[in-house]
Structures are given as C-alpha cells and as structure tokens.
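What you see below is based on every heavy atom in this structure, not just the backbone, and it leaves out hydrogens, waters and symmetry mates. To find a chain, count down the sequence lines: A is the first, B the second, and so on, and within it residues start at 1.
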Amino acid sequence: MQESSTIKHSNSGRSRNFIEESIEEDIREGKNKGRVHTRFPPEPNGYLHIGHAKSICLNFGLGAKYKGLTNLRFDDTNPVKEELEYVDSIMEDVRWLGYDWGDRLYYASDYFEQLYEYAVILIKKGKAFVCDMQADEISATRGTPKRPGKESPYRNRSVAENLDLFERMRAGEFPDGARVLRARIDMASPNMHMRDPILYRIIHAAHHRTGDTWCIYPMYDFAHGQSDSIERITHSICTLEFEVHRPLYDWLIREIEIYAPRQIEFARLNLSYTVMSKRKLLKLVQEGHVNGWDDPRMPTISGLRRRGYTPDSIRNFAELIGVAKRDNVIDVSMLEFCIREDLNKRANRIMGVLNPLRVVIDNFPEGVVEEMEAVNNPEDPDAGTRRVPFSREILIEREDFMEDPPDKFFRLAPGREVRLRSAYIVRCESIEREPVTNIVTTIHCTYDPTTRSGMPNSNRKVKGTLHWVSAPHALESEIRLYNRLFRVPDPDDTEEGKSFKDYLNPDSLRVVTGYLEPAILTAKPGEKFQFERVGYFCVDKDSSGTNLVFNRVVPLKDSWTKAGG
RNA sequence: UGUCCGAUGGUGUAACUGGCAACACGUCUGACUCUGGAUCAGAAGAGUCCAGGUUCGAGCCCUGGUCGGACAACCA
C-alpha cells in the first residue's frame, strides 16, 4: 500500500482564507517583489501534535501555493528545556507529513552572535539596559494588566556602563539570575510586553547545539522576530497568543533597523475529547497514563502515525478545518472522517473475528479445505484478490448471532440464512450450549453448495453478509482497541477541585485476541487493513514474527448499533 | 478604570468585499449493496450575539452594549 507520495495543491475552488487574502494583497501591492517565504518554527521541547500539523500544513502549504519557500527553524533559545531527541522527532514528523524544507534547516541558536550584536545596537541607542533586580522584584514592579509598572532603578545607567556590564554577562562574570538585559520602552504601557521586557538572561547551562559557548541566552521575544527577519521571512504565521507580542517585535525591528516580516495570527486547533497543551501531554506521558509520546491514543503526530493515520488524511484534515481567528473546537468525528475516507480507498480488506463464536457446517465434508477467492479492495480494482481457506469449522462474530432476534436483525439466527462473505450461504440449524451457564458455544449450520461466490446461483438474495474465518486456519493476534482518551468533550474545562486527568476514559484501551485470515501473516508494521465490517487496523511496531499486534485506527461507521441494535 | 482579538445551523469554514446565508463534518430518511461499510438521492437544522444608525437594501459599514478569548514566566 502506498502511503503518500506527491502533495496535490488543488486549490480545489475553495475560497481563500484570511491569510491567503493578506498574502495576495501583499503580492498585488508588490511587497517583497511578490516573494512569499514562510517558516515553521517549533521549540524542540516536546513532540509535535495535531495542532502543530495544522500549522505545518498551513506554512508549507502557503509556501507551495505561492511558489515560495518554507524554512524549518528550531527556536532553541532555552537550553534547559530543549533536547536533541525532540529535534529529531520533529524533523521526522514534518517529513512524514510530506513536507520538505530543502537545505533550509535553521536554528535560532545559529543567530546568537547576530542577536548579541542587535542587543549592543539597542544599548548604544539607549534602548536597552542591564538591570540588576532579582526575578521576583522585576515581576513585582511590572504591574498588572490594569496597573502600570514601576521603572527599574537601573533604567538610567549610562550607555558605557550598560555596554560593559552586558559584555561581562557574556563573559560569564555573573551567576544565573544576577542580571538581565532589558529593553527600555514604557513601564506604563497597557501592553505588558512593552514594559521593559527582558531580552537576555544568564543561564550557565550547555546548549544542545552551541555547547558552552554562551552563558547568556536571548529570550524568545528577542530571538523569534529577528530570526524571521534574518531569514527574510515575508509572512510570519503564528497563533493568536502572539498577537500581543507583535508590537514588541515591530518595535525591536524598527529600533534595530532590519527587515520587517509581516506577522499574521490564526486560532490554534482544539479537538474534542482530547487535550492539546504540551504540558498536559507531557504529564500523561510522565505519569504513565499512556505508553509514551507515540501512544496511539495521543494526539501527537507520532501517536496518530502509530495509530494508523496517514499523512494524506492529516493534510486533508488540516485543509477541511480551515483557518480563522475565532476560537474553535473541531469534533474528532472530522478527523475520523478523514482517515476513513482515505483508508477506504487504499486499505486492503481482510476478515478477522474479534469475539469468536464457533460454527460447524454439518454438511461440509470433514478434512476438506476450499480456497475462496476474495476481493482485496472493492474500491480499487488494481488491488487484486487473495485466497481464503474455508473449512467445516469456522468462527463468526458473536454479535452476528441472536437466538431471538428483532425484525431488523439481518444476521444469523435459528432457521435463518446468511451469506458468508466470499463463500457460501449458510442456514442455522441448531445451537449447542454450555449446560451450566447456558451460553451458546456452537452453532450448527448447513451450507448450500450452489451458492459459492461467483457461481451461477450465488446471487440469491439473503438479508445479511457475515465475515468469518476458518477455525483451523485462524491466526491469533493481539488486537488493541482504542477509544477516545477522555470521557468528556472538553477535558480542559474542569470542575472545582478536579484536573483534566479526572476525565480520562478508563476504557481508552481494550486488548482482545483476534482470529484473522492467514493471509495477514506477511503484513509489515505500519501496514493498514480494513477488517471487513469491523474497522480499520494498523500493524503495530510491537509485532514480531508470527505474533502480530494490531491497533484499531477507527471502527467502521455502524448504522446498526447506532440505531439501537 | 486596562490593552488587544473575536462572535454566522450541533461543529468548523464560506458568502465574489453592501444584493434575499453556502459548503463540509455530524444527524435523519430512502435507494443500492456478497462489508448494516462505500456509493447515490433527499431532509431537518442558522436568519448571522443584542440595540440603535447609515442605505432602496446590512452577516458585511458606523455607534453603544453583551458575551468569549489572550496578555502580569529570567517559558516558547
């Protein structure tokens, strides 16, 4: 099965979103000579999730749509939080989604020297100063959103003293937290970010890329905008919470007198029945509520990948949900729709029974095995056919039999006929039970030898078609049935005294043994199948040899149980 | 008595920039079907947060409210 190859930029007649309108307006006005250059700027302090996927698709999509470029840049300005492991996983995820940054892999840490010089420029202009206050003092004098802050007593140091102190900060003369470099803007600004924000802090810690070269590190606000500027990014697409930072970025760029990108903010993605904050996801991992960042229940890209989501389905999802500035919560059913739509077209079918009930076909000769020919994918004629062994004893789904069924039950019941998919029509003749519990243990059927699929008499109408597997040939596999991780649509909305973890779904993972067609044996990790009438499943990396492990990607739509069946 | 942003069916996004609200998901019918899947046909569901104003005409413009979100880490 082909996973994903080329990305189509159909433009599909879809109306332009507000970002595209802004970009086209800029192009019309001749800004940047019509050039479009975007970037995806993650901090390597965690794994990417579906919300990042939205941003990745947006940025790389825009770059492609306007025949421009898109960079990958790690905003790695905080050595104590960032790790190489995250850098690697982020690159893998972006690539897996189908995007290519070419030779434009950058790190904010690549610009540390340049950033330092920018800081010196500000100091020389009297626009930045070294402040000796402690963190708590700075915090206390910053004021509140409603009350102005107080100016630092160090605010009016001479340029020469500031220059000297800043140089000595860099040289490592002071311990962590002793001093910071701050912009000199306006402590009374209604925008908190303009109240003499901190530009540089002292951190004696090794950086994953620059090692011990630096002991002062720029704050995100002093690195991000200028990094975009250095890379000549034309459109800095980011989420809403950075809207308030924009005046600061503009101020910095104006004072330093460098190229000014245009920042456009959009609303981040929220998904129902899950959490999206890195902090909360990290907590789920650390406290063992899930089995790692790539647990198939996680909304991380690696989790979705392991679950069995395809890059195409995620890209299509990003396209479908659109982009705007208002807060939004996308229903998971939208995501599920995207993966069903994709897998329906590309996943080969196979039969697998998850909750087996033994069926003996009394008039079928003992010891005989017939090879049935089954269509691999009715949606794709090129997918071909396969052989499925059929014998006297088969397994069907326990839910596909009812002793005393309601009218609308189209499956097996005493005296009733059903079609066994790709095989014969059978009739239920009798039932065997366990004497004490009275539980049905075996169904006895007879088959009609003239109704084998493909035979002239095979199109006789019967109400239902069942999937099955030959009992002696069945391959036992571990099947992991995943459900939503949380019981409530919005786990972030917590009642008094509760945390999001109180809403975890205790039934988010159920492990069962499945009995599968032997043809599945050659399946490789990552491969996806539709278990007919059941759902889509993906071979997990925990598989080994003949011990296959499957993750349920998503069940098939089921109008029978939904109708109360 | 803060600043900024937002408000359109259950959800999300549109409405050619002022011309009687569309598309997708979801929901519900029906057809078809060797997957109660897929496919096909159809339906219900908003009169655009509220109140004024401008206009022949307002979801789009103006004014004033209301509600929601963001902002007070030496995080990003």
Among residues at least two apart in sequence or on other chains, which ones pass ring-ring contact (aromatic ring centres under 6.0 Å, His included) with [X]?
{"X": "A:Phe129", "value": "none"}
{"X": "A:Tyr107", "value": "A:Phe74"}
{"X": "A:Tyr424", "value": "A:Phe390, A:Tyr447"}

**Item:** B:rU8: syn or anti, per glycosidic angle within 90° of 0
**Value:** anti
**Message:** Just confirming the chi classification of B:rG47, syn or anti, using 90° around 0 as the syn window.
**Reply:**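 Nucleotide B:rG47 adopts syn.
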**Whole-angstrom distance between B:rG10 and B:rA44, as gauged at atom P** = 15 Å
**Prompt:** Picking from B:rG36, B:rG37, B:rA14, which would you name as closest to the side chain of A:Thr465?
**Reply:**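 Ranking B:rG36, B:rG37, B:rA14 by closest atom to the A:Thr465 side chain puts B:rG36 first.
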With [X], which residues qualify under side-chain contact (heavy atoms from CB on, under 4.5 Å), at least two apart?
{"X": "A:Thr144", "result": "A:Lys146, A:Arg147"}
{"X": "A:Gln286", "result": "A:Leu282"}
{"X": "A:Pro247", "result": "A:Asn191, A:Met194"}
{"X": "A:Ile321", "result": "A:Lys54, A:Leu269, A:Phe317, A:Ile330, A:Met334"}

**Message:** Looking at the base of B:rU39, is there any donor atom on it, or on the side chain of A:Glu379, that sits under 3.5 Å from an acceptor on the other one?
**Reply:**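 Not at all, since no donor on one side and acceptor on the other fall under 3.5 Å apart.
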**Fill in**
If one requires at least 3 consecutive Watson-Crick or G-U pairs with distances under 3.5 Å, the stems of RNA chain B turn out to be B:2-7 with B:66-71, B:10-13 with B:22-25, B:27-31 with B:39-43, B:49-53 with B:61-65
**Message:** Can you confirm whether the side chains of A:His208 and A:Glu83 place a donor and an acceptor under 3.5 Å from each other?
**Reply:** no
**Prompt:** Between A:Asn457 and A:Thr450, do the side chains contain an N or O donor and an N or O acceptor separated by less than 3.5 Å?
**Reply:**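 Indeed, the side chains of A:Asn457 and A:Thr450 share at least one donor-acceptor pair under 3.5 Å.
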**Request:** For A:Phe409, report the nucleic acid contact type (base, sugar-phosphate, nothing); a contact means any heavy atom under 4.0 Å.
**Result:** base
Kindly assign one of parallel, tilted or perpendicular to the pair [X] and [Y], based on the angle between their ring planes and the thresholds 30° and 60°.
{"X": "A:His49", "Y": "A:His52", "value": "tilted"}
{"X": "A:Tyr116", "Y": "A:Phe166", "value": "parallel"}
{"X": "A:Phe531", "Y": "A:Phe537", "value": "parallel"}

**Asked** Can you list, by residue number, the residues of residues 380-390 of chain A that have a non-hydrogen atom closer than 4.0 angstrom to RNA chain B?
**Response** none
**Request:** Indicate for each nucleotide in nucleotides 16-27 of chain B, in 5' to 3' sequence, whether protein heavy atoms under 4.0 Å reach the base (B), only the sugar-phosphate (S), or nothing (-).
**Result:** -B-------SSS
**Fill in**
In B/S/- notation (B base, S sugar-phosphate only, - none; protein heavy atoms under 4.0 Å), nucleotides 64-76 of chain B written 5' to 3' is -----SSSBBBSB
**Request:** List in chain and number order the residues that pass side-chain hydrogen bond (donor to acceptor under 3.5 Å, both in side chains) with A:Tyr217, two or more places apart in sequence or in another chain; answer none if no residue qualifies.
**Result:**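 Checked A:Tyr217 against side-chain hydrogen bond (donor to acceptor under 3.5 Å, both in side chains); zero matches.
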**Prompt:** Would you say B:rA38 has OP1 or OP2 under 4.0 Å from some side-chain N or O of A:Arg349?
**Reply:**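 Answer is no, no contact under 4.0 Å.
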